[in-house]
Amino acid sequence: MSELHEYRVWAPNATRMRVVAGDESVEMSAGEGGWWHALAPVGDYGFQIDDDLGVRPDPRSTRQPQGVHERSRVWDASAHDWQDADWTGRPFAGGVLYELHLGTFTPEGTLDAAAERLDHLVALGVTHVELLPVNGFNGTHNWGYDGVAWFAVHELYGGPDAYQRFVDAAHAAGLAVVQDVVYNHLGPSGNYLPLFGPYLSSEGRSTWGDHVNLAEREVRRYILDNVRYWFETMHVDALRLDAVHALVDASDLHILEEMAIETDALAAHLGRPLELIAESDLNDPKLITPREGGGYGLDGQWSDDFHHGVHVALTGETEGYYADFEPIGALAKAIERGFFHDGTYSSFRGRDHGHPIDTDRSLSWRLVVSAQNHDQIGNRATGDRITGVLDESQLLCAALLLYGGPFTPMLFQGEEWAASTPFQFFTSHPEPELGKATAEGRLAEFEQMGWDPEVVPDPQDPATFERSKLDWDELRGERHARVLEGYRQLGALRRELEALTDPHYSRNAVEADEQTRVLRLTRRAGMADAVEIVLNLGTEPQTVPVTRRDLRFQTHPDVALADALTLPPGSGALLA
């Protein structure tokens with residue numbers, strides 16, 4: 001007799017449900033709250049809803065071996081022999097994040113191949129490896145934000161078994177794992193959830209699709225159980241929550257706060273820190289304000305204002321949403337206050353934007369910042385990096401602001417060696433009409449930014465994906481090696497100098513001279529010695545008086561310290 005498995009599925013609107021496992025079709029029994037259950041053979045399976053003969057994958061499938069349109073497979077998560085019993089976790093306060101896309105991080109594009117590169121991250125001072133979404137999507141390659149199987153790991157990455165091996169390897173290397181998850185929408189291909197129940201809202205949609213129906217208790221539970229799945233079953237340490245501004249929730253207890261409550265409770269049970277980091281374009285500190293203070297109680301959130309200030313200061317680009325960041329004072333304010341737009345007028349949005357952070361009470365590490373990331377590169381017309389327009393010294397100025405600034409730095413794959421490969425937007429939708437619609441949608445977005453649609457690569461062209469893969473052979477090049485060495489030096493200094501991880505806004509002093517475009521950041525930590533970071537972001541050499549006398553890092557060989565600090569254009573230094 002074949003082994004039996006208990007199958008359960010939420011389908012509140014169905015009048016009849018069958019589970020098809022192997023060659024058998026078994027009638028399911030209706031239970032409370034719209035849940036159906038049945039015992040059937042173990043194996044590849046799916047559900048038939050009412051009299052529809054189509055076999056649909058499980059909404060909570062943990063394996064989709066033949067893709068998101070085909071049957072699910074029973075997967076035994078407990079079969080893995082975990083090796084991380086001694087891992088006690090690592091909060092991201094004082095840490096360094098590294099964002100990577102599994103399909104392009106290595107030539108192989110797998111979890112096992114990425115695990116072999118973890119020592120490279122450790123040498124950069126990285127403490128957390130952040131994976132772009134890995135859940136099941138249609139096609140062979142994708143950024144991951146078109147996912148539909150939230151509990152499954154994309155098979156070409158290695159599936160769930162490889163994911164467990166990767167987490168084990170990361171923990172063995174001393175690295176925490178951050179998983180990027182998308183709860184605000186579902187992808188356009190393979191989304192069978194509406195056939196099972198009211199997963200999607202009938203009111204409103206974002207540019208990515210219909211809103212998730214957060215008014216339905218079981219849909220909220222679906223999200224919360226997925227949060228728990230990554231922490232408990234897959235042993236991850238933090239989740240990066242994609243575009244939380246698109247989570248429309250009118251309930252008394254917002255879904256973000258509910259996530260925070262459950263995460264804190266699970267962390268207490270497991271005995272290790274578990275954290276939630278939100279991506280939001282609202283510049284609203286309510287996300288990271290403790291629940292006791294009326295906030296949602298998330299641990300961190302992205303701040304794009306820091307990126308925009310750094311990008312404009314170094315590249316001079318002021319089109320689109322970069323326009324407001326042309327003064328050096330915009331970057332200085334972002335460093336000093338966390339947000340530049342904190343209730344100020346945003347010319348790109350045509351309205352006031354953001355809310356101020358209470359810098360007397362908030363801790364600066366709660367903001368995650370970057371000089372490059374998948375969005376800010378991949379959402380450019382050609383997916384080009386700042387590597388193409390900045391010299392070595394300027395690239396290291398960006399790194400100096402990241403590692404030396406008051407926030408939690410996040411690197412994007414390859415930036416540490418000035419990778420020349422782009423990171424373009426790529427898809428592999430098998431449906432021609434969907435591929436066409438995706439390409440046309442991208443062109444419409446770029447027109448808003450004023451970019452030439454003629455240079456936009458076709459997301460569906462396999463060459464777009466191949467171009468986006470990192471070229472690790474570049475590390476042999478002198479320029480790449482020098483930039484990499486600079487990142488490693490900064491990683492070591494961040495570990496050594498207490499002032500560089502002090503979380504108090506009040507212990508930072510920022511000065512910006514609009515005429516010379518010199519920016520000075522002084523950081524202190526209790527009784528520890530101060531650290532002085534000075535950058536010449538202008539076009540002329542500058543001689544700057546300084547109070548610190550130990551030159552610990554310089555972005556350019558011609559930086560010199562005598563009675564004062566001499567800085568060539570586009571250079572910076574750290575003094576202690």
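- For E99 (side chain) and L411 (main-chain N/O), no donor-acceptor pair under 3.5 Å exists by modelled atom type.
- Using a 4.5 Å heavy-atom cutoff, the side chains of L97 and T408 are in contact.
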**Request:** Go through the steps to decide whether S189 and H69 satisfy the test side-chain contact (heavy atoms from CB on, under 4.5 Å), and finish with yes or no.
**Result:** CA-CA 8 Å; S189 182; H69 291 290; 3.1 Å; yes
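- The aromatic ring centroids of H154 and F137 lie less than 6.0 Å from each other.
- Each of T106, V129, L470 was scored for a side chain to side chain contact (heavy atoms under 4.5 Å, CB included) with L100, with one residue passing: V129.
- For Y183 and W150, the ring centers sit closer than 6.0 Å to each other.
- Annotation for K469 and P107: closest pair NZ-O, 2.8 Å, computed over non-hydrogen atoms.
- Atoms CZ and OG1, from F166 and T110 in turn, are 10.5 Å apart once rounded to the nearest 0.5 Å.
- Of all heavy-atom pairs between T427 and H141, the closest is O-NE2, 3.5 Å.
- Residue R16 holds its CZ atom at 6.0 Å from CG of D51, rounded to the nearest 0.5 Å.
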**Request:** Determine, step by step, whether Y163 and Y157 satisfy the ring-ring contact (aromatic ring centres under 6.0 Å, His included) criterion, reporting the C-alpha distance in whole Å, the side-chain angles of both residues, the deciding distance to 0.1 Å, and the verdict.
**Result:** CA-CA 8 Å; Y163 194 95; Y157 292 159; 9.8 Å; no
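- Contact annotation: the side chain of Q48 never approaches that of M17 to less than 4.5 Å [non-hydrogen atoms, C-beta and beyond].
- Partner of L102 under the side chain to side chain contact (heavy atoms under 4.5 Å, CB included) criterion, chosen from V134, L132, V153: V134.
- Atom CD of Q66 is surrounded by 12 or fewer heavy atoms from other residues, nucleotides or ligands within 6.0 Å.
- A donor-acceptor pair is defined here as one N or O able to donate and one able to accept, closer than 3.5 Å; such a pair exists between the side chain of E415 and the backbone of F412.
- Between H254 and Y296, the distance from one ring center to the other falls under 6.0 angstrom.
- Remark: R220 engages D249 in a salt bridge, criterion side-chain N to carboxylate O under 4.0 Å.
- Put simply, OG on S428 and CG on L156 are 9.0 Å apart, with the number rounded to the nearest 0.5 Å.
- Partner V181 forms a side chain to side chain contact (heavy atoms under 4.5 Å, CB included) with one of L239, L276, N135, V236 and no other, that one being L239.
- Panel note: side chain S468, backbone Q424; a donor-acceptor pair is recorded below 3.5 Å.
- The main-chain N or O of S420 is found under 3.5 Å from a side-chain atom of E474 such that the two form a donor-acceptor pair.
- The closest side-chain heavy-atom distance from Q460 to H429 is below 4.5 Å.
- When all heavy atoms of H80 and Q164 are compared, the closest pair comes out as CB-OE1, 3.0 Å.
- H211 has its ring centre no less than 6.0 Å from the ring centre of Y199.
- The closest donor-acceptor contact from the side chain of R385 to the backbone of T421 lies under 3.5 Å.
- Closest approach of P57 and V68 over heavy atoms only: CG-O, 3.4 Å.
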**Intermediate values then yes/no, ring-ring contact (aromatic ring centres under 6.0 Å, His included), H374 and Y145** = CA-CA 12 Å; H374 79 274; Y145 297 93; 5.2 Å; yes
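- A salt bridge (Lys or Arg N to Asp or Glu O under 4.0 Å) with R272 holds for exactly one of D237, D84, D86; it is D237.
- From Q64, atom CD reaches atom CD of E70 across 8.5 Å, with rounding to the nearest 0.5 Å.
- T127 contributes a side-chain N or O that, together with a main-chain N or O of V96, makes up a donor-acceptor pair within less than 3.5 Å.
- Looking only at side-chain heavy atoms (C-beta outward), V178 and L131 stay at 4.5 Å or farther from each other.
- With contacts defined as side-chain heavy-atom distances shorter than 4.5 Å, the pair L224/E258 qualifies.
- Residues P273 and R90 are not in side-chain contact: their nearest non-hydrogen atoms beyond the backbone lie 4.5 Å or more apart.
- No donor-acceptor distance shorter than 3.5 angstrom exists from the side chain of D50 to the backbone of D52, with no hydrogens or angles considered.
- Here the straight-line distance linking atom CG of L241 with atom CG of L247 works out to 8.0 Å at 0.5 Å rounding.
- Checked against side-chain hydrogen bond (donor to acceptor under 3.5 Å, both in side chains), D242 has the following partners two or more places apart in sequence or in another chain: N184, R240.
- A salt bridge is defined here as a Lys NZ or Arg NE, NH1 or NH2 lying under 4.0 Å from an Asp or Glu carboxylate O, and R366 with E275 fails to meet this definition.
- For the pair R117 and W472, the cation-pi test (distance below 6.0 Å, angle within 45°) is passed.
- Across all non-hydrogen atoms, the minimal contact from P198 to W10 is CD-CH2, 3.6 Å.
- Heavy atoms of other residues, nucleotides or ligands lying less than 6.0 angstrom from CG of D23 number 12 at most.
- Side chains of V20 and Y45 form no contact here, defined as non-hydrogen atoms less than 4.5 Å apart.
- Minimum heavy-atom separation, G297 to A260: O-CB, 3.7 Å.
- Listed for the Y222 side chain is a donor-acceptor partner under 3.5 Å among the backbone atoms of P59.
- At distances below 3.5 Å, at least one donor-acceptor pair connects side-chain atoms of Y229 with backbone N or O atoms of F151.
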**Asked** Please walk me through it: do D375 and E279 pass side-chain contact (heavy atoms from CB on, under 4.5 Å)?
**Response** CA-CA 11 Å; D375 267 335; E279 182 213 8; 3.3 Å; yes
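- The main-chain N or O of A418 is found under 3.5 Å from a side-chain atom of H480 such that the two form a donor-acceptor pair.
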**Asked** What do the steps show when you test T104 against Q413 for side-chain contact (heavy atoms from CB on, under 4.5 Å), and what is the final call?
**Response** CA-CA 9 Å; T104 55; Q413 60 178 42; 3.0 Å; yes
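- Rounding to the nearest 0.5 Å gives a distance of 4.0 Å between CD1 of I49 and CZ of F196.
- Proximity of the aromatic rings of H101 and W143 is defined here by a centroid distance below 6.0 angstrom, and this criterion is not met.
- For W365 and F92, the ring centers sit closer than 6.0 Å to each other.
- The cationic group of R8 lies under 6.0 Å from the six-membered ring centre of W35 and within 45° of the ring axis, placing it in a cation-pi geometry.
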